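Below, read A as the first sequence line, B as the second, and so on, with proteins coming before strands; counting in each chain starts at 1. Worth saying up front: this structure is predicted, and the values here are computed from it rather than measured.
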Amino acid sequence: MANNTVRTRFAPSPTGYMHVGNLRTALYAYLKAKNQDGTFILRIEDTDQERYVEGAVDIIYDTLRQTGLTWDEGPDVGGPVGPYVQSERMGMFKQYAEQLVKDGKAYYCFCTPERLEKMREEQKAGGAVVGHYDGHCRNLSQEEIQKNLDAGVPYVIRQKMPKEGVTSFDDAVYGHIEVNNSELEDQILIKTDGMPTYNFANVVDDHLMGITHVIRGSEYLSSTPKYNLLYQAFGWDIPVYIHCPPVMKDAQNKLSKRNGDASYQDLMEKGYLSEAVLNYILLLGWSPKGEEEIFTLEEMVKIFDEKGISKSPAIFDPLKLRAINAEYIRRLPAEKFQEIANPWIDRAVHVEIDRALLCANLQPRCEVLSEILEQLDFFDAVVPYTTDLYTNKKQKTSPETAKQALEALLPVLEGMQDWNRDAIFEACKQKAEEMEVKNGWLLFPLGIALSGKQRTPGGGTDLAAMMGKQETVKRIQDALKML
RNA sequence: GGCCCAUUGGUCAAGCGGUCAAGACAUCGCCCUUUCACGGCGGUAACCCGGGUUCGAUUCCCGGAUGGGUCACCA
């Protein structure tokens, strides 16, 4: 891998399921790297023990692997700038903060939580910016500092922020953004326990790992100036920022991890295809140049351009996901469809049927694999129904005509030698011609008799072919008894 | 509340001073048809509101409204 190329990272916290918003961030980071022939890095940010969820790291691995977002450097595969698990990097941050203290760009702060609390109350009463640290320890004398240090007074390390002027940066998505430095407070770099704050660790890690493009959610937009002030304090190169708008559940609420169907795992269980999900989230907040919107991962890599990322939040639309999933299913080679449909068919059907023929009928009728279950509920046994199902205006059928139709069909079918789809249909069609009736008049009732349903994956003759002669004849005879 | 950001049909969105304002999903209708689908064809449907700037604003500027984000010894 060449030097100087793009290096992006996906840095999730193992705090639970992977929802589509997270996955989209990973996708974009992967695409950006690969589009430039760069390196995609996985870093696990597991320092929040409070929220740590058992097994969450595996979910991250599994999701990225299943979607094909393979990382070039990461906890398991290693790499030149490891370790890639943040908890294993904890020891190294304090020296960086102390370097800043030496340079006069940061300072020890011995303020107690109680004093901070009191300070905030006073700010509320006065006119000062509420919440900002008042700089109490910013100018302690060397003697005072040493005295406190010697006495073992707990302290944090804070960065000296400029009090005037503006800090600005150019985001690849949002453009030029600037904030007044007076809005920024002296941020804590190292906590009382000696551990770095998230922001600090993030900057140091990204720099040490040579990240050139930081791709993350827009919730970081307003803290980016703080990040940049840190890069500047160290004299490090500032990365390119690509902030992505949030994925919403509706106009008001972000997609929540709690909401079941938002997670990748749940979508898989519901019978969505991994490729389809990836394709949908690609389009959630990003638009391609042309009008094609179905892409393989390889194609995505080729066409991805962060300029296509939109600035406003996008609402997750399950209907569109379904449509894209349906498109993927339809494009599957027949054998492949049968392969992935089989487990679902197994759950619904326990008798022998012609699965190849079934699948040929199922494939265009199935938007999500889980639908297979309800669609095939009539194979084991006819679904209980009433004879008014035979009434169909368009086919001009009724229970009475159905009786005639089935009585006419029964001997035809009983006389079949070769029991296959085309032969059955031909024979039935001939019968219809002979009786001078429309195919539908004759065959619509057959479907009802065989299934007990008006909607089935395949017409009457298809169902007959699938379930076999014996079962077909039996079901017609049973149906006739009701008429 | 301060600051930052956003606002095109129901949804995702193209647009980047002059367009009959793309496309996709959804929806409606027609065709095809042994049900239902697939497929094909067609329809309905949008620039948040005021002011400017300009010969001309969806596009640029300023307000307002609405929505989102952010203001921790959490990540």
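Applying the 3.5 Å distance criterion, the base of B:rC73 shares a donor-acceptor pair with the side chain of A:Thr192.
Residue pairs meeting the side-chain hydrogen bond (donor to acceptor under 3.5 Å, both in side chains) criterion with at least one member in residues 446-456 of chain A, sequence neighbours excluded, are A:Asp377-A:Lys453. Counting only residues at least two apart or in different chains, side-chain hydrogen bond (donor to acceptor under 3.5 Å, both in side chains) contacts with residues 432-442 of chain A comprise A:Lys431-A:Glu434. Counting only residues at least two apart or on different chains, the salt bridge (Lys or Arg N to Asp or Glu O under 4.0 Å) pairs with a member in residues 384-403 of chain A are A:Lys403-A:Glu407.
Contact annotation: A:Lys311 side-chain N/O to B:rG68 OP1/OP2 distance is not under 4.0 Å. Residue A:Lys249 places none of its side-chain N or O atoms closer than 4.0 Å to OP1 or OP2 of B:rG68.
Distances were taken from every side-chain heavy atom of A:Arg330 (C-beta onward) to each of B:rA75, B:rU70, B:rG39; the shortest belongs to B:rG39.
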Using Watson-Crick and G-U wobble pairs with both distances under 3.5 Å, what is the 5'-to-3' dot-bracket string of RNA chain B, with [ ] for crossing pairs and | for pairs outside the strand? ((((((((.[[[..)..(....]]].(((((.......)))))....[[[[[..)....]]]]])))))))....
Base-contact (B) and sugar-phosphate-only (S) positions in nucleotides 29-35 of chain B, heavy-atom cut-off under 4.0 Å, - elsewhere: ----BBB
If the sugar-phosphate is the primed atoms plus P, OP1 and OP2 and the base is the rest, what is the B/S/- string for nucleotides 11-16 of chain B, using protein heavy atoms under 4.0 Å? SSSS--
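Distance check, rounded to the nearest 0.5 Å: OH of A:Tyr96 to CZ of A:Phe200 gives 9.0 Å. With rounding to the nearest 0.5 angstrom, the CD atom of A:Gln86 is 4.0 Å from the CD atom of A:Glu45.
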